[in-house]
Trainee: 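My questions will all concern the structure given below.
A, B, ... follow the sequence lines: proteins, then strands. Residue 1 opens every chain.
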2 protein chains.
Amino acid sequence: MKLFYSPASPYARKVRIVAMETGLHDRLEIVSVDTSNPNNGLADHNPLSKIPVLETEFGPLYDSPVICEYLDTLHAGEKLFPAEGTSRWKALRWQALADGLLDAALLIRYEQTQRPTERQYDGFIDKQKSKIAGALDYMNGNVRELEAPLTIGTIAVASALGYLNLRFADLAWHDTHSDLALWHKQFAARPSYVNTQVEG
Amino acid sequence: MKLFYSPASPYARKVRIVAMETGLHDRLEIVSVDTSNPNNGLADHNPLSKIPVLETEFGPLYDSPVICEYLDTLHAGEKLFPAEGTSRWKALRWQALADGLLDAALLIRYEQTQRPTERQYDGFIDKQKSKIAGALDYMNGNVRELEAPLTIGTIAVASALGYLNLRFADLAWHDTHSDLALWHKQFAARPSYVNTQVEG
């Protein structure tokens, strides 16, 4: 299966970690997409021109939660998406929170890198920053829920924090969220995390 | 269960249509949130301060795909989320496409209503418009997949198109996507759609 991605995309990283944790990574053909080029052909696979996209026997799949859940059906090990009950909804809530943090972070990133300085607006950036802060506070205060087992929720949170480290080092979230920082440090030792790390 | 929403939110409309189509609407207490007021208390329920949020016995649920899937487990009728197989992934792909169209539309809406004119950037708006156009073209070309049965995918597409009618009438998507317009017209006769309609 072809996975269209870009190395620094935190949503794509989530997918790649899922693939590694479930032993599926060898079945993925990783295709890097130049997301800065509007003629990169991505729209042929996803009308929204967004990565990640996974090509399957029944066509392309997006967005990252759909891809991750699909991959989770292709292996016989411990499931990252609990099948039902409270554990499922908690895992999906964590994923939604982490992905929502990333949505805010990426909006700031696009604001600062893809429009002229005079068109950037602090009010917008502040609003997104407050979402990031709210998510970090919640994660830090509820970090014990992330201890075990490994789920799509914990993987999503780790991917989101990795993106903050990559692009928002000045936030210094470690300093203000020490319990979360400790959790992240432990997670970051996993081979799936190490092997999907990119440098700024 | 309390559902925090705002009347014009297309993601919240998707949730309300799901609740009506599954006979659960009477179990929801609908709480309207003034999303323009940063002190609306929403952050107590969702650290990202976004609607919709559903309060459940195990805490708040977000975002809209998670809420919809949870509601779908609470009734004994035909499921809107197919349990497995290709039909599940196709339904989830349609939902992701429709929600992605909405993400682009709302980014334009925020750009035009929540920042000073001199901070608005046509390059950003054009990029989002091309995502909307790509999604509409795909929907129009694959509309037969939406014919039946009712799924979270078809509900999401209808909600997205309703939002374009509400906020982007100037797009006149009906004129350029006639097959999709015909499908939408039929869907729009459903009581769940009529009863969640808002006027601009």
Side-chain angles (χ1 to χ4, degrees), chain A residues 38 42-43 46-50 54 56-67 69-70 73 83-93 95-97 99-101 103-104 107 110-111 114-116 118-124 127-128 130-139 141-142, chain B residues 38 42-43 46-50 54 56-67 69-70 73 83-93 95-97 99-101 103-104 107 110-111 114-116 118-124 127-128 130-139 141-142:
Chain A
L42 189 56
N46 178 351
L48 300 166
S49 276
K50 285 182 175 177
L54 181 71
T56 72
E57 59 191 296
F58 45 87
L61 278 190
Y62 43 82
D63 50 1
S64 69
V66 180
I67 297 172
E69 186 174 342
Y70 171 69
T73 66
E84 59 187 4
T86 305
S87 58
R88 178 175 182 86
W89 310 118
K90 287 192 172 181
L92 294 183
R93 174 171 58 202
Q95 179 178 223
L97 183 65
D99 286 358
L101 184 160
D103 292 343
L107 284 174
Y110 297 150
E111 182 86 9
Q114 297 187 5
R115 70 169 75 205
E118 66 272 18
R119 296 285 175 178
Q120 296 171 20
Y121 179 47
D122 284 345
F124 180 79
K127 184 178 168 187
Q128 304 309 322
S130 80
K131 292 184 189 298
I132 294 173
L136 286 171
D137 290 349
Y138 181 90
M139 289 171 178
N142 295 274
Chain B
L42 189 57
N46 177 352
L48 300 166
S49 274
K50 285 182 173 176
L54 181 71
T56 72
E57 58 191 297
F58 46 86
L61 279 189
Y62 43 83
D63 52 1
S64 69
V66 180
I67 297 172
E69 186 173 341
Y70 172 69
T73 66
E84 58 186 5
T86 306
S87 59
R88 179 175 181 85
W89 310 118
K90 286 191 172 180
L92 294 183
R93 172 170 60 202
Q95 178 178 224
L97 183 65
D99 286 358
L101 183 160
D103 292 342
L107 284 174
Y110 297 150
E111 181 87 9
Q114 296 187 6
R115 71 169 77 203
E118 66 272 17
R119 296 286 174 177
Q120 296 171 20
Y121 179 48
D122 285 345
F124 180 79
K127 184 178 168 186
Q128 303 308 323
S130 79
K131 292 184 189 296
I132 295 173
L136 286 171
D137 290 349
Y138 181 90
M139 290 171 177
N142 296 273

Trainee: Excluding sequence neighbours, so at least two apart, what forms side chain to side chain contact (heavy atoms under 4.5 Å, CB included) with A/K131?
Mentor: A/A104, A/K127, A/Q128, B/L48, B/S49, B/K50

Trainee: With a 4.5 angstrom heavy-atom cut-off, could you sort out which part of B/I132 is near chain A: side chain, backbone, both or neither?
Mentor: neither

Trainee: Under 3.5 Å, which donor-acceptor pairs link side chains of residues 57-66 of chain A to any protein atom two or more places apart or in another chain?
Mentor:
unit_1 : atom_1 : unit_2 : atom_2 : d
A/S64  : OG     : A/K14  : NZ     : 2.9

Trainee: Can you tell which part of B/D103 gets under 4.5 Å to a heavy atom of chain A, answering side chain, backbone, both or neither?
Mentor: side chain

Trainee: Is the number of heavy atoms from other residues, nucleotides or ligands under 6.0 Å of B/E84 CD greater than 12?
Mentor: no

Trainee: Determine the option with the most heavy-atom pairs under 4.5 angstrom with chain B, choosing from A/K90, A/E69, A/R88.
Mentor: A/E69

Trainee: Given that the side chain runs from C-beta out, which part of B/T73 has a heavy atom under 4.5 Å from chain A: side chain, backbone, both or neither?
Mentor: side chain

Trainee: Given side chains that start at C-beta, do those of B/D137 and A/P47 come closer than 4.5 Å, heavy atoms only?
Mentor: no

Trainee: Would you say the side-chain atoms of B/Q120 pair up with the backbone N or O of B/R115, donor to acceptor, closer than 3.5 Å?
Mentor: yes

Trainee: Counting heavy-atom pairs under 4.5 Å with chain B, which one of A/Y121, A/Y138, A/Y110 comes out on top?
Mentor: A/Y121

Trainee: How long is the straight-line distance from CZ of A/R119 back to CG of B/D122, given to the nearest 0.5 Å?
Mentor: 7.0 Å

Trainee: I need the residue from B/I67, B/L92, B/L97, B/T86 with the largest number of non-hydrogen atom pairs under 4.5 Å to chain A.
Mentor: B/L97

Trainee: Go through it in stages, so that I can follow the logic: the residues are B/Y70 and B/T56, the test is side chain to side chain contact (heavy atoms under 4.5 Å, CB included), and I'd like the CA-CA distance, side-chain angles, deciding distance and then a yes or no.
Mentor: CA-CA 10 Å; B/Y70 172 69; B/T56 72; 3.7 Å; yes

Trainee: So what's closer than 4.5 Å to chain A heavy atoms on B/A43: side chain, backbone, both or neither?
Mentor: neither

Trainee: Could you tell me which of B/A133, B/S130, B/A135, B/P116 has the largest number of non-hydrogen atom pairs under 4.5 Å with chain A?
Mentor: B/P116

Trainee: Which region of B/E111, side chain (C-beta onward) or backbone (N, CA, C, O), has a non-hydrogen atom less than 4.5 Å from a non-hydrogen atom of chain A, or is it both or neither?
Mentor: side chain

